[in-house]
Number of protein chains: 2
Amino acid sequence: MGITKTDLFTAEQNELAQLAKAFAHPARIAILQYLVKSKSCINGTLVQELGLAQATISQHLRELKDLGLIKGSIEGASISYCINSQKWDQVQGLFNGLFDQVNNSCSSDSCC
Amino acid sequence: MGITKTDLFTAEQNELAQLAKAFAHPARIAILQYLVKSKSCINGTLVQELGLAQATISQHLRELKDLGLIKGSIEGASISYCINSQKWDQVQGLFNGLFDQVNNSCSSDSCC
DNA sequence: TTTTATCATCGTAATATTGCAATGTAATTA
DNA sequence: TAATTACATTGCAATATTACGATGATAAAA
């Protein structure tokens with residue numbers, strides 16, 4: 001019914017799915033990549049960089065912030081966003097854990 | 001308006017986002033993990049394993065198959081699904097590419 | 001103080017996703 | 001052949017996501 005039955009799955013499966021949603025939209029990937037590129041922790045220059053409306057960017061930033069992937073700090077009238085490298089490490093670990101499960105039990109020709 | 005503006009982003013950003021959607025639901029993660037665990041390329045035992053209806057499982061399997069992450073081969077009346085390890089390597093590469101971008105330009109204390 | 005700049009939030013419209021019952025299809029079995 | 005088994009597809013209903021205009025809040029500038 002449009003609602004995910006989270007109670008059927010493990011906490012880790014739900015967490016991984018939740019974090020994957022952060023990457024499940026090209027705008028959020030673009031935002032993350034831009035934050036990485038311009039290390040200076042840039043703010044709403046993103047509105048110019050991507051072609052989306054300010055409200056839309058703000059919404060994507062909020063999702064990334066809610067998931068903990070980025071942090072925002074007030075800088076006068078504007079706001080500096082940047083990668084939360086601690087959380088990032090955790091995410092990387094979760095994904096690599098999934099990837100390793102496959103790598104370890106499924107070589108190129110052992111499957112099908 | 002509920003539709004992603006893919007034309008604003010690069011092909012790689014769109015592809016990564018598309019693939020991330022595969023992981024953006026706990027049921028699909030559970031399916032992938034189960035396929036990995038039971039190397040024997042199991043079929044609709046998944047309906048018992050997860051608590052979801054047959055139609056729902058079938059739908060998730062289709063999405064994973066459309067993205068190329070799994071393959072299905074007819075085995076009499078039932079169907080054997082299994083990981084497509086080739087595609088899996090590619091996905092792993094894409095995600096690691098994103099992770100590395102962060103790792104290389106953003107150490108634990110250089111940000112914010 | 002008034003204006004301007006920078007963001008966040010609200011409200012709304014459009015589209016996407018999730019889930020399942022019902023039904024359809026193909027192979028197996030009785 | 002008729003019944004059964006194993007899935008896929010279809011057709012909803014409910015919820016989630018994406019996008020943006022309008023509005024609000026806050027800080028700097030005039």
Side-chain angles (χ1 to χ4, degrees), chain A residues 1-9 13-14 17-32 34-35 40-67 70-82, chain B residues 1-9 13-14 17-31 34-35 38 40-67 70-82:
Chain A
M1 308 152 186
I3 187 171
T4 298
K5 293 190 161 181
T6 55
D7 54 306
L8 292 178
F9 310 102
Q13 287 167 341
N14 284 315
Q18 207 59 35
L19 286 168
K21 287 186 187 177
F23 304 114
H25 194 289
R28 288 192 288 271
I29 292 181
I31 288 174
L32 290 170
Y34 188 79
L35 282 185
S40 46
C41 304
I42 288 299
N43 66 334
T45 324
L46 290 162
V47 179
Q48 290 174 26
E49 194 69 18
L50 322 181
L52 292 168
Q54 183 266 323
T56 307
I57 302 281
S58 186
Q59 196 173 325
H60 283 305
L61 285 170
R62 198 163 97 90
E63 288 174 48
L64 291 173
K65 202 175 60 173
D66 287 348
L67 286 169
I70 64 175
K71 294 184 290 186
S73 56
I74 299 177
E75 201 88 19
S78 64
I79 292 191
S80 276
Y81 281 105
C82 64
Chain B
M1 307 151 186
I3 188 171
T4 298
K5 293 191 161 180
T6 54
D7 54 307
L8 293 178
F9 310 103
Q13 286 167 340
N14 284 315
Q18 207 59 35
L19 285 168
K21 286 187 187 177
F23 304 115
H25 195 288
R28 287 192 289 270
I29 292 181
I31 288 174
Y34 188 78
L35 282 185
S38 64
S40 45
C41 304
I42 289 300
N43 65 334
T45 326
L46 289 163
V47 179
Q48 292 174 25
E49 193 69 18
L50 319 181
L52 293 168
Q54 183 264 323
T56 307
I57 302 280
S58 186
Q59 195 172 326
H60 283 305
L61 285 170
R62 198 162 97 91
E63 289 174 47
L64 291 173
K65 202 175 60 174
D66 286 348
L67 286 169
I70 65 176
K71 294 184 290 186
S73 57
I74 298 176
E75 200 89 18
S78 63
I79 293 191
S80 275
Y81 281 104
C82 64

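Labels below follow one simple rule: chain letters A, B, ... track the order of the sequence lines, proteins then strands, and each chain is numbered from 1.
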Toward the 5' end of DNA chain C, by each residue's nearest nucleotide, A/R62 or B/G51: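 With B/G51 and A/R62 compared, the 5'-side residue is A/R62.
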Any side-chain N or O of [X] less than 4.0 Å from the OP1 or OP2 oxygen of [N]?
X	N	answer
A/Y81	C/dT6	no
A/K5	C/dT18	no
B/H25	C/dG19	yes
A/H60	D/dT17	no
B/T56	C/dC20	yes
A/S58	C/dA8	yes

To the nearest Å, give me how far apart [atom1] ([X]) and [atom2] ([N]) are.
X	N	atom1	atom2	answer
B/R28	C/dT17	CZ	P	9 Å
B/E63	C/dA16	CD	P	13 Å
A/L46	C/dA8	CG	P	10 Å
A/L50	D/dC20	CG	P	11 Å
A/I57	C/dA5	CD1	C1'	17 Å
B/I74	C/dA27	CD1	P	7 Å
A/Q54	D/dT18	CD	P	17 Å
A/F9	C/dG19	CZ	C1'	11 Å

I need the minimum non-hydrogen distance between B/A17 and A/I29, along with the two atoms involved.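 So the two residues come closest at N-CD1, 3.6 Å.
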Of all heavy-atom pairs between B/P26 and A/T4, which one has the smallest distance, and what is that distance?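 Closest approach of B/P26 to A/T4: CG-CG2, 3.7 Å.
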Examine distances only and state if a side-chain atom of A/R28 and a backbone atom of A/A22 form a donor-acceptor pair shorter than 3.5 Å.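 Yes.
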Looking at B/S58 and B/Q54, would you say the former's side chain and the latter's main chain have a donor-acceptor pair under 3.5 Å?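 It does not hold such a pair.
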Between B/K65 and A/G76, which residue's closest nucleotide on DNA chain D lies nearer the 5′ terminus?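 Counting from the 5' end, the first nearest nucleotide belongs to B/K65.
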Using the closest heavy atom to pick a nucleotide of DNA chain D for each, name whichever of A/A77 or A/K21 lands nearer the 5' end.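 Between the two, 5'-proximity favours A/K21.
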Between [options], which nucleotide has the shortest distance from any of its atoms to the side chain of [X]?
X	options	result
B/Q59	C/dC20, D/dA19, C/dT28	C/dC20
A/A53	D/dG21, D/dT18, C/dT28	D/dG21
B/I3	C/dT6, C/dA16, D/dA6	C/dA16

If you count heavy atoms of other groups shown closer than 6.0 angstrom to CD1 of B/I74, is the number above 12?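 No, CD1 of B/I74 has 12 or fewer neighbouring heavy atoms, counting only those of other groups under 6.0 Å.
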By the 4.0 Å heavy-atom rule, please label A/L52 as base, sugar-phosphate, or nothing.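 Sugar-phosphate: the residue A/L52, judged by heavy atoms under 4.0 Å, touches backbone atoms but no base.
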Show your reasoning for whether side-chain contact (heavy atoms from CB on, under 4.5 Å) applies to B/L50 and A/L8. CA-CA 7 Å; B/L50 319 181; A/L8 292 178; 5.9 Å; no
